[in-house]
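Take a look at the structure set out below.
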Amino acid sequence: MIKKIEAIIKPFKLDEVKEALQEIGLQGITVTEVKGFGRQKGHTELYRGAEYVVDFLPKVKIEFVCNAEIVERAIEIILNTAKTGRIGDGKIFVIPVENAIRIRTGESGIEAL
């Protein structure tokens, strides 16, 4: 069974999370710079004497597909390395994947990973 994990984390935690995931044998990840807000609803900044709300904060989205056997370990790693204990630490989503196909070889399923 194949699962996709998406994690939204603080940008400065990316290297630490990536290195920890590589240690458990994760072959590759996709990283996207994103902006968004959750419960923290952004924050207020002062610019040239005027106050304004910055509601979309910079985050990093990590995505990877893996064998279901390592999902719990991968989640544990992300939780332990991305957590600061402050609001805005992010979220992890686990999504079932119906199939994966390697374009170069046509391999599918676990072999494609």
Side-chain angles (χ1 to χ4, degrees):
M1 187 180 255
I2 304 171
K3 300 281 187 178
K4 178 179 183 183
I5 296 180
E6 292 183 4
I8 311 294
I9 63 171
K10 292 183 175 183
F12 69 90
K13 286 292 193 170
L14 175 61
D15 286 339
E16 191 179 346
V17 171
K18 178 192 68 130
E19 288 168 15
L21 288 170
Q22 286 176 328
E23 286 177 16
I24 63 164
L26 195 67
Q27 295 292 318
I29 64 173
T30 300
V31 177
T32 311
E33 291 180 10
V34 296
K35 290 184 179 189
F37 68 89
R39 288 185 184 168
Q40 69 188 113
K41 304 271 193 293
H43 64 277
T44 304
E45 287 189 3
L46 201 57
Y47 180 72
R48 293 188 177 179
E51 224 177 64
Y52 67 100
V53 176
V54 177
D55 52 1
F56 291 107
L57 299 174
K59 302 286 181 180
V60 171
K61 180 169 147 180
I62 299 171
E63 301 174 79
F64 58 92
V65 178
C66 62
N67 189 329
E69 294 171 5
I70 69 164
V71 167
E72 291 306 317
R73 182 73 184 116
I75 291 169
E76 184 181 316
I77 284 170
I78 296 168
L79 283 173
N80 291 336
T81 54
K83 182 177 182 177
T84 66
R86 291 191 157 108
I87 194 163
D89 273 350
K91 297 264 190 321
I92 301 170
F93 305 98
V94 180
I95 305 154
V97 174
E98 193 171 312
N99 200 0
I101 297 105
R102 185 184 310 255
I103 293 173
R104 180 176 54 85
T105 62
E107 292 169 295
S108 65
I110 298 295
E111 290 77 33
L113 304 182

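Minimum interatomic distance between K10 and G88 (heavy atoms only, all atoms of both residues): CE-O, 3.2 Å. Residue I110 comes nearest to M1 through the heavy atom pair CD1-O, 3.9 Å, listed as atom of the first residue, atom of the second, then distance. Of all heavy-atom pairs spanning T81 and I77, the tightest one is OG1-O, 2.7 Å. Shortest non-hydrogen contact noted between P58 and P11 is O-CD, 3.6 Å. The minimum heavy-atom distance linking K4 with E6 is given by the pair NZ-OE2, 3.2 Å. Between A112 and A100, the closest heavy-atom pair is CB-O, 3.4 Å.
No single ILVMFWY cluster, assembled from side-chain heavy atoms under 4.5 Å apart, contains both I8 and I62. Criterion: ILVMFWY side-chain heavy atoms under 4.5 Å apart, direct or through other members. Under it, F93 and I29 are not part of a common hydrophobic cluster. With hydrophobic clusters built from ILVMFWY side chains whose heavy atoms lie under 4.5 angstrom apart, I101 does not share a cluster with I2.
Note: Q27 CD to N67 CG = 11.5 Å, rounded to the nearest 0.5 Å. How far CD1 of I92 is from CG of L79: 4.0 Å, rounded to the nearest 0.5 Å. Here the straight-line distance linking atom NZ of K61 with atom CD of E33 works out to 13.5 Å at 0.5 Å rounding. C66 contributes atom SG, which lies 6.5 Å from atom CG of L26 (distance to the nearest 0.5 angstrom).
Proximity of a side-chain donor or acceptor of D89 to a complementary backbone N or O of T84 within less than 3.5 Å is detected.
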Side chains of residues 69-76: which donor-acceptor pairs under 3.5 Å do they make with residues two or more places apart or in other chains?
residue	atom	partner	partner atom	Å
R73	NH1	E76	OE2	3.0

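Across L21, L14, D15, a single residue satisfies side-chain contact (heavy atoms from CB on, under 4.5 Å) together with V17, and that is L21. Of the residues listed (V97, I95, V65, V94), the one engaging K3 in a side-chain contact (heavy atoms from CB on, under 4.5 Å) is V94, and it is the only one.
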